[in-house]
Amino acid sequence: MLLLKKVPHTYAIIVSVILFCAVLSWVVPAGEYERQTSDVNGVKRTVIVPGSFHRVEAAPQTWQVFSSLLDGFEKQAGIIAFLLIVGGAFQLLNSSKAIDVGILSFLRASRRLERYRLMKTIGVERVILVAVIVLFSLFGAVFGMSEETLAFVIILVPLAISMGYDSITGLCMVYVAAHVGFSGAVLNPFTIGIAQGISDLPLFSGFEYRLACWCVLTVCLIICVLRYAGKVKRNPSYSPMYRADEYWRQKEKQADIRIEYAVLRQSVYVYFILLAVLVVFSVYYPLTEFRIGSVVLNFCAVPLATGLFALSGGWALKKSFHFFVLVLLAFTIVFLIVGVMGYGWYLSEISALFLAMGILSGYAAGKKTEEVIKLFQEGAKDMLSVAIVVALAGGIIQVLQDGKVIDPILHALASGLHKAGKVVSIGVMYGIQTLINIIIPSGSAKAALTMPIMAPFSDVVGISRQATVMAYQFGDGFTNMVTPTSPVLIGALGLARIPYEIWVKWFGKILLLFILLGFLLLIPAVLFNLPGF
């Protein structure tokens with residue numbers, strides 16, 4: 001009986017999906033759409049030519065299931081490299097005990113707030129949970145934070161454990177929050193920007209109703225997380241991760257060991273070298289252009305951040321190198337936001353930023369070059385199993401593409417829209433996008449694939465193209481948080497040490513709630529004359 005109840009390993013689950021996709025390539029008649037390159041908001045995109053679907057010669061997959069791992073590594077090379085670099089960088093950061101010092105200091109400060117009656121009644125931990133969820137949800141809604149959340153999982157999961165919660169709560173604070181914001185995106189250029197551009201709609205139009213939807217979705221997440229976190233707080237064994245979280249609790253106990261605070265000469269060297277580099281960058285980049293919808297703001301972000309680093313870094317050095325390393329982490333996050341929103345950074349630039357943070361943190365903590373290299377290798381090694389899972393997930397997409405299965409499935413699902421009414425049609429569109437998201441988790445790729453078909457269909461059935469874009473954005477976002485083909489999900493679960501099967505079982509009910517809520521939010525988009533719709 002115990003063997004029957006044992007849940008298969010994550011590798012086994014994903015390999016089973018690969019084999020199932022290979023079987024589909026033998027069963028589903030092969031077909032393809034013709035594609036052309038279009039300019040969408042100044043970016044070259046490959047889009048489907050409407051009405052171009054045609055049958056092609058079948059390409060059943062056999063031995064290719066074994067090569068899918070290598071194909072997945074090639075397809076997801078950016079994410080895999082990012083995980084390895086982040087793992088090494090945070091191993092260097094963690095070796096300094098700065099995170100431990102920061103969490104302990106944060107908890108002591110939050111405990112002092114409890115002397116105020118209002119804060120004690122509300123609960124300091126609840127305020128922290130809500131604030132962090134709103135922050136990351138906003139990041140997801142504004143600039144499409146997704147892969148970037150991986151770097152924060154390592155920070156917020158230990159914080160959640162320290163506050164008496166579990167790793168699931170920590171993951172909800174950052175990864176789920178960002179992806180709920182991503183689903184209810186307001187200004188996300190990677191989903192809304194592309195989908196509206198392909199649909200010939202004004203960029204980021206329909207802002208008002210999208211903002212209302214984002215608020216509803218974020219409040220819903222906050223309620224779900226607070227309810228669950230409260231139960232875990234009262235009874236830690238309620239968490240399905242109670243035993244597995246012993247790893248994090250042991251790390252927390254190690255943090256309680258007396259920490260020797262000291263000002264190191266190497267920290268001072270790192271401070272002045274980094275300050276000089278930032279001053280040079282401030283000269284070269286005096287103004288940063290931020291685009292928020294149709295509004296363009298020019299702001300001296302880099303010089304301001306440099307000035308704040310000079311002040312806070314100098315203050316931290318007087319206390320201990322631990323606090324200086326925390327300042328390095330804080331300004332890594334600041335420059336991450338500036339880079340993503342102002343300069344269009346992606347994995348390459350973000351990886352470089354975290355690599356620099358890790359190396360500087362190691363030297364600031366008094367490590368020698370040999371120690372820095374060894375610690376980085378240890379951190380990257382810890383990410384190897386996660387990297388393999390990400391590669392296997394990429395292999396699923398490769399088998400579907402090589403088997404010429406994706407386009408026929410899309411064509412079959414989309415064909416039924418001609419016969420449905422408005423509410424049913426938008427529901428079918430939403431369902432199609434949700435199903436497609438399971439096999440194509442990339443929002444940009446899915447917009448280029450589906451919107452050239454969905455936009456003309458919406459004209460036929462009398463639905464606004466704006467509502468169609470919203471059906472796409474909801475369908476694109478929610479199932480990202482459970483689909484095994486999402487490298488970001490697999491990476492986040494690996495960093496949080498949450499098995500995939502436990503996550504799916506726990507998050508399943510919440511996912512159904514969000515899918516239902518998404519459909520209810522779509523109904524006003526087709527029944528009422530909303531601004532921009």
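A distance of 10.5 Å separates CG of Leu156 from CD1 of Ile133, quoted to the nearest 0.5 Å. Once rounded to the nearest 0.5 Å, the distance linking CZ of Arg210 with CD of Gln473 reads 5.0 Å. In this structure, Lys368 NZ and Lys374 NZ are separated by 13.5 Å, a value rounded to the nearest 0.5 Å. Taking CG of Leu493 as the start and CG of Leu171 as the end, the distance is 6.0 Å to the nearest 0.5 Å. Taking CH2 from Trp506 and SG from Cys172, the interatomic distance works out to 3.5 Å, rounded to the nearest 0.5 Å. Taken to the nearest 0.5 Å, the CD1 atom of Ile192 stands 10.0 Å off from the CG atom of Asp476.
Judged by distance alone, the side chain of Asp245 and the main-chain N or O of Asp166 form no donor-acceptor pair under 3.5 Å. At least one donor-acceptor pair under 3.5 Å links the side chain of Tyr500 to the backbone N or O of Val482. Formation of a donor-acceptor pair under 3.5 Å by the Gln398 side chain with backbone atoms of Gly72 is not found in this model. No donor-acceptor distance shorter than 3.5 angstrom exists from the side chain of Ser239 to the backbone of Pro236, with no hydrogens or angles considered. Of the possible polar contacts, none joining the Lys367 side chain to the Ile373 backbone as a donor-acceptor pair under 3.5 Å is found.
Below 30°, between 30° and 60°, or above 60°: for Phe324 and Tyr271 the angle between ring planes is above 60°, a perpendicular geometry. Classified by interplanar angle (parallel below 30°, tilted 30° to 60°, perpendicular above 60°), the ring pair His179/Tyr175 is tilted. Taking the six-membered ring where tryptophan is involved, the planes of Phe152 and Phe354 are perpendicular, since the angle between them exceeds 60° and thus also 30°.
Taking every heavy atom of both residues into account, Leu513 and Cys224 meet most closely at CD2-SG, 3.8 Å. When all heavy atoms are compared, the tightest approach of Phe309 to Leu278 is CD2-CD1, 3.7 Å. Heavy atoms only, all atoms of each residue included: Trp248 and Pro158 are closest at CZ3-CG, 3.6 Å. Taking both residues in full, the closest heavy atoms of Ala380 and Leu84 are given as O-CD2, 3.4 Å, listed atom of the first, atom of the second, then distance. Residue Leu92 comes nearest to Gly362 through the heavy atom pair CD2-CA, 4.4 Å, listed as atom of the first residue, atom of the second, then distance. Between Phe478 and Leu217, the shortest heavy-atom distance links the atoms CZ-CD2, 3.9 Å.
Residues Leu308 and Val334 form no side-chain contact, since every pair of their non-hydrogen atoms from C-beta on lies 4.5 Å or further apart. Within the 4.5 Å cutoff, the side chain of Arg249 has heavy atoms near those of the Tyr242 side chain. Taking 4.5 Å as the limit, every side-chain heavy atom of Met470 sits out of range of all side-chain heavy atoms of Leu521. Val225 has its side chain within reach of Leu221: a pair of non-hydrogen atoms, C-beta onward, lies under 4.5 Å apart. Between Ile168 and Val232, every side-chain heavy-atom pair lies at or beyond the 4.5 Å cut-off. Phe281 is not listed as a side-chain neighbour of Thr306, based on a closest heavy-atom distance of 4.5 Å or more. Residues Val86 and Leu150 fail the side-chain proximity criterion, which asks for heavy atoms closer than 4.5 Å. With contacts defined as side-chain heavy-atom distances shorter than 4.5 Å, the pair Phe474/Cys213 qualifies.
In the model, Ser486 has no side-chain atom that pairs as donor or acceptor with a side-chain atom of Asn480 under 3.5 Å. For the residue pair Ser96 / Ser361, no side-chain donor-acceptor distance below 3.5 Å is found, with atom types taken as modelled. Between the side chains of Thr169 and Tyr228, not a single donor N or O lies within less than 3.5 Å of an accepting N or O.
The local environment of CZ in Phe73 is crowded, with over 12 non-hydrogen atoms from other residues, nucleotides or ligands closer than 6.0 Å. Counting non-hydrogen atoms of neighbouring residues, nucleotides and ligands closer than 6.0 angstrom, the OH atom of Tyr285 reaches no more than 12 such neighbours.
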Item to check | Verdict with supporting geometry, Val302 and Tyr284, side chain to side chain contact (heavy atoms under 4.5 Å, CB included) | outcome: CA-CA 9 Å; Val302 177; Tyr284 276 96; over 6 Å; no

Checklist entry - Can you check side chain to side chain contact (heavy atoms under 4.5 Å, CB included) on Phe507 and Ile498, steps first, answer last? => result CA-CA 12 Å; Phe507 190 71; Ile498 300 174; over 6 Å; no

Next on the checklist: If you apply the rule side chain to side chain contact (heavy atoms under 4.5 Å, CB included), what do you find for Met173 with Tyr165, and how did you get there?
Outcome noted: CA-CA 11 Å; Met173 291 167 67; Tyr165 302 125; 5.8 Å; no

Item to check | Derivation and outcome, ring-ring contact (aromatic ring centres under 6.0 Å, His included), residues Phe139 and Phe136 | outcome: CA-CA 5 Å; Phe139 287 162; Phe136 279 96; 5.8 Å; yes

Checklist entry - Would Val174 and Val132 count as a side chain to side chain contact (heavy atoms under 4.5 Å, CB included) if you check the C-alpha gap in whole Å, the side-chain angles of each, and the deciding distance to 0.1 Å? => result CA-CA 7 Å; Val174 52; Val132 173; 5.6 Å; no

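Taking a cutoff of 4.0 Å between a charged side-chain nitrogen and a carboxylate oxygen, Glu378 and Lys381 do not qualify as a salt bridge.
Here the rule is side chain to side chain contact (heavy atoms under 4.5 Å, CB included) with Leu360, and of Ile273, Val325, Leu274, Thr332 only Leu274 fits it.
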